Amino acid sequence: MAKHQFQTEANQILHLMIHSLYSNKEIFIRELVSNGSDALDKLNMLVLTDEKYKDVTFSPRIDIVADKEAKTLTIKDSGIGMNEEDLMNNLGTIAKSGTKAFLENLSGDQKEDSNLIGQFGVGFYACFMVADKVVVTTKKAGEDKALVWTSTGDGSFEIEDGEREGHGTTIEMHLKADEDEFLDVHRIDTIIKKYSNHIPFPIFMDKENFVAAVMDDEGKEEVEPSRTDIVNEQINKANALWTMAKKEVTDDEYKDFYSSIAHSSEEPLAWMHNKAEGAVEYTTLFYIPSKAPMDMMRMDYQTGIKLYINRVFITDDEKELMPVYLRFLRGVIDSKDLPLNVSREILQSNAVMAKIQKSSVKKVLSELAKMAKKDSEKYATFYAEFGNVLKEGLYNDFDNREKILELMKFHTLNSDETVMIEDFAKNVDTEKKEIYYITGKNTLAMLKSSPALERFKAKGIDVLVLNEEVDTIIFPMVTDYKEFKLVNVSDAKFEESEEEKKAEEEVAKTYEGLSKTFKEALGEAVKSVETTSELTDSPVAIKIDKEDPSYQMAQMMKQMGQGGDMPEPAPIFMINPKHELIQKLNDSSDVNLVTDAAHVLLDQAKLFDGQELKDTADFIARLNRIITKAV
């Protein structure tokens, strides 16, 4: 007998399960049955595709046994089974990214953390919510050795040799004193029908069957007394729900199936069930969760799409099945036209899979567009959870860029309400046909107050205000929408009369001295200092010269995923000659004051631009000197 310690993360999950305040404990049955179904799926695929398993008998079933006397509940399957390495990996450690994300969300508040269980499938460890001892007996298909894994959830587990007839896994749970409800056959039957009715394998359980007494021909005397027989019955439908016609599936059945494949107690926000016939035959059933999966923003996120080939499970770990920007989807793709021994490389280059993905993406985007138009409240819920992820498609899905753009909700300069781009475009100048936008890593209020928007406010022109960090990467790649050009506010050009140009030239001459003093004070921190007529309320602003070779090189390196340490090119420092502060500085003979003001004003402009100050102490010292002179 070998004793082992649980991995730290596994121990955290165990501790939460044992001390859980989560009221919906019945999900442990859903989790264990789902694991059994996965084990049967894996064996089914191997028997059909791997020469090593060709002689293995595949007789799929899951059995549930409730023993009221021993106070044990047992769930066993005839699936792939586990060897010692599998036991260590599957029951002793946490490798799934979703589990790590779950742990990162723990607050330390027992009640709040228990509620998280409903949003996340904790798999095998869920059984410790109701059991104080768990014994797992397992034998891997094609191997002779059976093993017994035992734990009381105390931070350790033991593995020893054991006996098991046939391959598969048996999980025996010794229930806690107050968990007798899970020994009730009717309760278990209800739970299975709720969560596991449509897993594609039969689930069996012993049930009491009352047989009435047999009476004589006159109905007066008993020929045979009444009795209660124990009958082993199948308690689920075991028909893959996605293969059924939509009209045959109720909303409740769709929701119950979602809870099984998504390991979630939350209801889905929406679902799409589609069957395609013709040159390529396939069925898809996609769900949109009501809450974002915990690992959605992690690089090692767990995909939520299962691939089947003619109802034979192939994989649930292939991120190429759907685009990354739709990684929030949960569901099933089932095709008759893919080879059973399909590999990851084949999936990535297979024409059938490419067609399924292309059609599926269009279907999902079309359904989202319908939701946006017909149920704005539901779409607002969707967008709050998944809008930024969907937005990623603007960067890498050129074919569907316009459709994705039409699903975006935008903040604008002139409104407190978000707007869709179709509606925004209706008020755009029909001659210029330019949609202006501003991006920045600031708060929405701060970005709306940006000096770069002052000339638009003065002209009454509305602007898309994009204050998410991802916007600064994505929107420079989005250059048009229908007949409209998307233009960054810093690149917008408005026609000026000859008189206006001459007046600006005269003003620039008046401020040549101040511009030169500012440039000398700021040195390499700025490319140049120029007067501008674009500002109305702010004294200064900065902008990048996009014709500057150093800027172009930095952008090129970023697009190649390099140049993270490359310094940003020095900005052009723009001063507003109409602002009282700039006018007073132009008239000032105090060189030290002007020098301090130059640095403070540049830092002010950087803050408005969403940048962090590199030398806060210097900024405060200069500001204090200016205030001292002013009071």
Side-chain angles (χ1 to χ4, degrees), residues 27 30-50 60 62 77 79-82 86 89-91 94-102 119-124 126 169 195-196 198-201 240-243 256-264 268 271-273 282-289 292-296 298-324 326-335 338-348 350 353 356-357 360 364:
I27 65 162
R30 177 194 75 192
E31 295 292 291
L32 297 184
V33 169
S34 179
N35 286 353
S37 177
D38 288 346
L40 289 163
D41 271 331
K42 287 170 185 171
L43 183 59
N44 189 19
M45 180 182 67
L46 290 170
V47 167
L48 293 169
T49 62
D50 193 325
I62 295 171
D77 65 72
I80 184 71
M82 292 178 279
D86 297 326
N89 290 335
N90 296 336
L91 305 190
I94 297 289
K96 283 172 61 181
S97 63
T99 315
K100 292 175 183 175
F102 172 74
Q119 300 172 34
F120 174 82
V122 289
F124 168 76
T169 299
Y195 295 117
S196 308
H198 292 286
I199 68 162
F201 303 109
L241 181 131
W242 64 89
T243 63
D256 292 344
F257 184 66
Y258 169 76
S259 75
S260 174
I261 63 166
H263 300 278
S264 173
W271 58 84
M272 297 145 245
H273 191 179
Y282 64 91
T283 300
T284 58
L285 173 55
F286 296 130
Y287 290 92
I288 298 173
M294 290 183 188
D295 63 344
M296 188 173 71
R298 292 177 62 105
M299 290 293 291
D300 59 348
Y301 71 91
Q302 178 71 32
T303 179
I305 304 296
K306 291 175 180 274
L307 175 65
Y308 287 80
I309 296 175
N310 206 14
R311 284 189 56 179
V312 176
F313 171 78
I314 302 300
T315 181
D316 59 359
D317 192 32
E318 180 48 67
K319 294 179 179 178
E320 301 294 327
L321 294 177
M322 290 293 277
V324 174
L326 294 178
R327 61 185 177 273
F328 53 82
L329 290 174
R330 297 292 180 260
V332 169
I333 296 173
D334 192 346
S335 171
L338 288 166
L340 275 175
N341 59 348
V342 65
S343 66
R344 178 165 292 185
E345 290 72 29
I346 291 173
L347 275 178
Q348 291 173 355
N350 184 276
M353 194 64 237
I356 292 172
Q357 187 195 81
S360 296
V364 171

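Just so it is clear, the model here is predicted, and its values are computed rather than measured.
- Expressed to the nearest 0.5 Å, how far CG of Asn44 lies from CZ of Phe201 amounts to 5.5 Å.
- When side chains are defined from C-beta on, Leu326 does not count as touching Phe286, because their heavy atoms never get closer than 4.5 Å.
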Verdict with reasoning, Leu91 to Phe124, per side chain to side chain contact (heavy atoms under 4.5 Å, CB included): CA-CA 7 Å; Leu91 305 190; Phe124 168 76; 3.6 Å; yes
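- Distance CG/Leu40 to CG/Asn35: 11.0 Å, rounded to 0.5 Å.
- Between the CE atom in Met45 and the CZ atom in Phe313 there is a gap of 7.0 Å [rounded to 0.5 Å].
- Under the side chain to side chain contact (heavy atoms under 4.5 Å, CB included) criterion, Asp256 pairs with Lys194, not counting sequence neighbours.
- The backbone N or O of Glu320 lies less than 3.5 Å from a partner atom in the side chain of Gln357, making a donor-acceptor pair.
- Residues satisfying the ring pair (Phe, Tyr, Trp, His ring centres under 6.0 Å) criterion with His273, sequence neighbours excluded, are Tyr254.
- Across His198 and Leu241, no two heavy atoms sit closer than the pair CD2-CD1, 3.3 Å.
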Side chain to side chain contact (heavy atoms under 4.5 Å, CB included) assessment of Ile333 paired with Met353: CA-CA 10 Å; Ile333 296 173; Met353 194 64 237; 4.1 Å; yes
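- Here the CE-OG distance, from Met322 to Ser360, works out to 5.0 Å after rounding to the nearest 0.5 Å.
- In this structure, the side chain to side chain donor-acceptor pair (under 3.5 Å) partners of Thr169, at least two apart in sequence or on a different chain, are Thr138.
- Between Ser34 and Ser196, the closest side-chain pair of non-hydrogen atoms is not below 4.5 Å.
- Considering every non-hydrogen atom in both Asp86 and Gly81, the closest pair reads OD2-O, 4.3 Å.
- Residue Asp316 holds its CG atom at 8.0 Å from OG1 of Thr303, rounded to the nearest 0.5 Å.
- Judged as a side chain to side chain donor-acceptor pair (under 3.5 Å), and not counting sequence neighbours, the contacts of Asp334 are Trp242.
- Judged by distance alone, with hydrogens and angles left aside, the side-chain atoms of Arg327 form no donor-acceptor pair with the main-chain N or O of Lys319 at under 3.5 Å.
- Residues satisfying the salt bridge (Lys or Arg N to Asp or Glu O under 4.0 Å) criterion with Arg330, sequence neighbours excluded, are absent altogether.
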Chi angles and distances behind the side chain to side chain contact (heavy atoms under 4.5 Å, CB included) call for His263, Ile27: CA-CA 9 Å; His263 300 278; Ile27 65 162; over 6 Å; no
Name each donor-acceptor pair under 3.5 Å that joins a side chain in residues 304-311 to protein atoms two or more places apart or in another chain, with its distance.
from	atom 1	to	atom 2	distance (Å)
Lys306	NZ	Asp38	OD1	3.4
Tyr308	OH	Asp41	OD2	3.3

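- Across all their heavy atoms, Ile199 and Ser260 have their closest contact at CG2-OG, 3.9 Å.
- Atom CG in Leu338 sits 8.5 Å away from atom CD1 in Ile314 (nearest 0.5 Å).
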Side chain to side chain contact (heavy atoms under 4.5 Å, CB included) assessment of Val33 paired with Tyr195: CA-CA 9 Å; Val33 169; Tyr195 295 117; over 6 Å; no
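- Here Pro268 pairs with Lys255, Tyr258, Trp271, Tyr287 under the side chain to side chain contact (heavy atoms under 4.5 Å, CB included) rule; sequence neighbours left out.
- Across all non-hydrogen atoms, the minimal contact from Asp77 to Ala39 is OD1-CB, 4.0 Å.
- Listed by chain and number, the residues in a salt bridge (Lys or Arg N to Asp or Glu O under 4.0 Å) with Asp50 amount to none (sequence neighbours excluded).
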